[in-house]
Structure formats: C-alpha cells, structure tokens
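The structure appears right after this line, and notes come after that.
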Amino acid sequence: MSVTTINALRHPQVLFRGFDADDPRLQRMRELAGASHVMPGDSLDGLRAADWDVLVVEGVELPPAIPESVRVIAFDSPGMGRMPGHQATMQFSGRQPSPTMHVNPDLPPVLHDLLAREAVPWLASQPARPYLQEVARPRPSYGFSFPGRDLGEGATSTCLPLVTDTDGHLLVGAFPRARGGWCWAVPYRSERPERWLAAALESWRADDETRFTRRDPWLARERWSTPKERAARAELAALRTRRDKMMEYLEEQEQALEAAVQAAAEEAEQGARRLLTRAGGDLVEATVAGFTDLGFAVAGVDEGRVVDGVRVVEDFSLTAPEEPQQHVLLDVVGYAGPAELTDLVMVAEHAARHLRREGTMPHRQWLVVNQFLDIEPDERPGLVWAGPEDIASFAHRGGLVIDTRELFRLLDAVASARLSAQDARAVLADQQGVFSAPDN
C-alpha cells in the first residue's frame with residue numbers, strides 16, 4: 001500500500017537569526033529557500049528542529065540547541081559553537097597584523113570570485129585581520145576571561161580554508177560542528193549574504209541533493225516566471241507595501257503620543273502633582289488652584305508668610321457656593337519629614353484670630369499637609385505626628401487634616417468626571433478628623 005504524503009517539506013528549509021524582518025538582504029536570501037522562518041530568539045519552540053536544513057545568523061551567537069542536521073552560515077557572530085573533541089567555542093578573536101592573505105585555489109569559480117570581490121577587500125581594509133580561535137567561556141568566579149587559542153595544525157586540517165593568513169590561520173573558512181554539520185564563518189556582515197548562501201548550498205548539495213535542492217535566484221526573475229508566479233509575488237509585494245505604510249503611520253502616531261505624554265507630564269509637574277512633590281509657595285499655589293477647581297472661593301488672609309525657608313503657612317478663607325456665609329479656615333504646610341503637632345496649635349491660633357477679626361469662629365478648620373517629600377507617595381506613612389486624642393480634639397472644633405495624597409485623589413476624581421465638584425465639596429464638608437477621598 002502506498003503512503004500519501006501531505007504538506008511535504010519544500011527544501012531547503014532555512015532559519016534566520018539576527019536579521020530584521022524588513023531587511024532587503026533577508027528577502028533576497030529567502031528567494032533561495034523552499035521555506036524560511038525568522039527566529040525572534042534562541043528558542044526553537046513551536047518548530048520541529050529536525051525539519052530545518054540551514055541556519056543563517058548575523059551578529060548573534062548560535063542558539064544552543066541547533067541539531068546536527070542543520071548547516072550554519074555565521075556572519076560577524078560572537079560565538080559559533082565548538083568543533084568535535086574541543087571544549088571551547090569558535091570566535092574571530094585572533095588578530096594578524098600582516099596584510100598577506102591566501103585564497104584557496106581549489107574552490108568553485110563562483111565562491112572564488114565572491115572571496116576576491118568581497119571578503120579579501122574587507123579583510124585588507126582592516127588594521128589587523130581577525131582569524132578564528134577557540135575561546136573558553138569565562139568563569140565569573142575567576143574574575144577574568146580566557147584568551148583565545150589558535151586551532152593548531154591538527155584542527156585546521158579538518159576545516160575548509162577559504163581565506164588564510166601567512167601563518168595558516170582561518171580568516172574566512174568552514175569548520176565541522178561538534179553537534180554535526182558544518183559552520184561557514186564570515187567575520188563581517190555581508191551586503192550580499194544571498195551569494196554566500198547560494199555558494200554554501202551548492203557545496204552542501206554534493207552531500208545531500210534532497211535537502212539542498214537548487215533554487216537559483218534567476219527562477220524568481222519576472223522574465224522567467226509564469227503568470228501565476230508573477231501574480232502571487234505582486235500580491236505579496238502589495239501586502240508588504242501596505243504593512244510598511246501601516247508601520248510608518250503607527251510610528252508617527254507613537255511619536256505624537258509620546259510627545260503628548262511628555263507634555264502632559266510637564267503640565268502635571270507644574271500643576272496638580274506639586275501637591276505631592278513640593279513645599280513652600282509651590283505647594284500653596286497648587287493647593288489654592290485645587291480648591292478653586294473644586295468651586296471654592298479662596299481669599300488670602302496672611303499671604304506670603306514663610307517659616308525657616310521650608311515650612312510655609314498660609315491662612316486662607318474658603319467659601320462654597322452652596323454655603324456662602326460659612327467660612328472654612330485653610331492652612332497649608334509642607335515638610336521633608338513628618339508634619340508637626342504644633343501645626344494643630346497653629347490652626348487654633350488662626351481660628352482665634354478669625355474670631356477677633358470677624359466676631360465669629362470659622363465653621364470649619366482644614367489643615368492641608370504634604371509630608372515626607374523624599375519618599376514616594378505610595379510608601380509614605382500616615383499621621384505619625386498626631387495621636388487619636390489630638391485628632392479627636394481637632395475634629396471637635398470642626399477640624400480636618402487633609403493629606404495632599406488624598407486631596408490629589410479627590411481632584412483626580414473630579415478631573416476624570418468620576419465625581420462632580422459639588423459632590424467633592426460635600427465629601428469635604430461631611431468629614432472631620434482625617435480626610436479620606438472616596439474610592440471611585
């Protein structure tokens with residue numbers, strides 16, 4: 001009985017790592033693949049490792065679990081795995097000052113031409129030519145890294161030299177991987193990596209024609225394509241164009257929103273967030289602005305009074321539109337550390353002065369406190385400076401201590417339309433002792 005194969009693999013199956021998805025070099029290499037996949041990281045999760053034939057990396061180390069069936073091309077890789085029988089990884093860590101180089105004369109013409117046109121000029125332009133060495137992984141407990149070690153004649157004889165220096169070091173070459181297969185090592189990032197991939201596939205095809213089938217780039221050229229191929233490629237190109245335009249649009253929107261976030265943050269720093277970050281006149285201005293936003297009429301009584309350059313006390317009178325005859329005495333203090341119990345005495349003195357001036361006591365006495373400025377708001381302690389009996393006595397006189405964190409929350413609820421300004425005024429009027437903003 002014959003076996004029916006469904007979704008048969010189209011070889012060569014090529015993995016890419018270290019290339020941007022929109023890199024035109026990547027697109028040209030993909031034309032040589034039967035199927036391809038760009039790895040976002042080192043993991044092969046979601047992929048059957050044995051299905052893949054080739055891995056092309058640029059600027060990154062080889063992933064740790066690449067199976068022996070996979071051949072590798074590494075451009076400018078900081079780590080390319082081990083050779084059989086060796087414990088160190090291969091790197092271009094050697095340096096050869098001599099400009100003399102040799103190109104292997106026994107290479108196919110296409111590869112020989114690629115080396116002469118691209119690799120040799122790049123190597124010649126370097127102040128010292130990098131060559132392959134074995135480099136042991138550093139052990140942190142030693143406090144230093146291990147120097148590279150030359151491969152030696154026995155090891156280099158098992159490699160495929162493409163370009164060597166005057167001492168026989170591999171400037172460009174291929175070496176057998178400890179896990180099986182070969183790694184072609186190129187010390188730089190090529191502008192035409194598809195030429196390297198095509199040359200490597202041609203070399204590997206001698207070992208396995210099934211996996212490394214010929215997919216010459218000319219097959220994708222318009223003049224040698226069928227109408228169905230051209231139509232499919234046109235649809236793919238149109239999709240990529242739409243994707244690029246969408247990405248451009250999203251990037252513009254992202255930049256605009258980042259600017260809006262920055263502008264909003266700067267506005268907050270000069271606005272309501274001063275309730276949490278400032279003392280002195282800035283805190284007073286932010287507090288007055290906040291109560292004004294809540295609909296209170298604010299009148300200054302002792303404007304401009306500064307104590308010790310840090311603690312600023314302002315005596316204000318507030319009136320709500322629904323109770324224009326009832327006056328609220330407002331004082332504002334700010335501290336780098338905890339507030340002081342004497343602030344409650346200060347409010348009582350201001351209330352007594354109001355009595356002498358107006359002939360009546362204020363209906364309410366509010367003390368706005370910003371304390372522990374050097375601690376982020378979420379970590380600040382509460383009223384460590386006043387005991388229950390002190391607060392109870394203050395509340396009995398119509399007193400209310402308002403932590404600026406709670407005032408900020410109340411103002412935010414109004415600004416976010418979760419609470420009306422009238423309801424916010426009612427919440428303040430209904431509380432005594434220690435104010436707590438509603439959770440809404």
Side-chain angles (χ1 to χ4, degrees), residues 18 55-62 66 71-139 142 144-193 195-197 199-200 202-204 206-207:
L55 168 66
V56 184
V57 301
E58 180 179 79
V60 297
E61 293 191 6
L62 265 63
I66 295 299
R71 310 288 177 95
V72 176
I73 304 177
F75 297 98
D76 189 27
S77 173
M80 294 170 281
R82 298 179 292 108
M83 292 177 60
H86 294 257
Q87 299 302 315
T89 189
M90 301 292 288
Q91 294 181 4
F92 280 104
S93 57
R95 290 294 180 269
Q96 170 60 269
S98 172
T100 303
M101 293 175 281
H102 307 281
V103 177
N104 189 337
D106 299 324
L107 299 174
V110 172
L111 182 54
H112 195 280
D113 182 67
L114 174 59
L115 294 171
R117 288 175 176 270
E118 181 182 297
V120 170
W122 184 89
L123 290 165
S125 70
Q126 304 305 301
R129 273 129 297 282
Y131 64 84
L132 281 174
Q133 286 185 316
E134 294 179 304
V135 179
R137 292 296 185 187
R139 298 182 182 178
Y142 286 2
F144 61 89
S145 59
F146 295 91
R149 184 180 67 177
D150 291 349
L151 299 180
E153 184 178 351
T156 55
S157 65
T158 64
C159 301
L160 172 63
L162 301 181
V163 182
T164 55
D165 64 16
T166 191
D167 294 321
H169 299 131
L170 269 66
L171 303 180
V172 184
F175 62 88
R177 297 174 52 230
R179 295 179 60 90
W182 283 79
C183 176
W184 283 39
V186 182
Y188 59 90
R189 303 188 183 202
S190 173
E191 291 299 317
R192 300 300 300 268
R195 294 178 177 176
W196 287 96
L197 179 57
E202 184 65 28
S203 175
W204 297 331
D207 299 329

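Along the sequence shown, residues carry numbers from 1. Below, each value reflects all heavy atoms present in this structure, side chains not excepted, and no hydrogens, waters or symmetry copies.
By the salt bridge (charged side-chain N to carboxylate O under 4.0 Å, His left out) test, D207 pairs with R71, sequence neighbours left out. For D165, the side chain to side chain donor-acceptor pair (under 3.5 Å) partners at least two apart in sequence or on another chain are Q96, H169. Partners of T166 by side chain to side chain donor-acceptor pair (under 3.5 Å), not counting sequence neighbours: none found. Taking R117 as the reference, D113 meet the salt bridge (charged side-chain N to carboxylate O under 4.0 Å, His left out) condition, with sequence neighbours excluded. Considering only residues two or more places apart in sequence or on other chains, D150 meets the salt bridge (charged side-chain N to carboxylate O under 4.0 Å, His left out) condition with none of them. By the ring-ring contact (aromatic ring centres under 6.0 Å, His included) test, W182 is found to be paired with no residue, residues two or more places apart in sequence or in another chain being considered. The ring-ring contact (aromatic ring centres under 6.0 Å, His included) check on F175 picks up nothing, with sequence neighbours excluded.
Annotation for P130 and L171: closest pair O-CD2, 3.3 Å, computed over non-hydrogen atoms. The two atoms that bring Q133 and G94 nearest to each other are OE1-N, 3.2 Å, heavy atoms only. Closest non-hydrogen pair, T158 versus P176, comes out as O-CD, 3.6 Å.
Summarising the geometry, atom CD1 belonging to I66 is positioned 7.0 Å from atom CZ belonging to R177; distances are rounded to the nearest 0.5 Å. The CG atom of L197 lies 8.0 Å from the CZ atom of F75; values are rounded to the nearest 0.5 Å. Between the OH atom in Y188 and the CZ atom in F92 there is a gap of 10.0 Å [rounded to 0.5 Å]. Interatomic distance, T89 OG1 to M83 CE, rounded to the nearest 0.5 Å: 11.5 Å. Here OG of S77 is found 6.5 Å from CD of E61. Values are rounded to the nearest 0.5 Å. Rounded to the nearest 0.5 angstrom, L162 CG and L170 CG are separated by 7.5 Å.
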Mind listing the side-chain donor-acceptor pairs of residues 98-110 below 3.5 Å, one per line with the distance, residues two or more places apart or on another chain?
residue : atom : partner : partner atom : Å
S98     : OG   : T100    : N            : 3.3
N104    : OD1  : D106    : N            : 2.9
N104    : ND2  : P161    : O            : 2.8

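Residue pairs meeting the salt bridge (charged side-chain N to carboxylate O under 4.0 Å, His left out) criterion with at least one partner in residues 74-103, sequence neighbours excluded, are D76-R189. Applying the salt bridge (charged side-chain N to carboxylate O under 4.0 Å, His left out) definition to pairs two or more places apart or across chains, none involves residues 118-129.
Between M90 and L151, the closest side-chain pair of non-hydrogen atoms falls below 4.5 Å.
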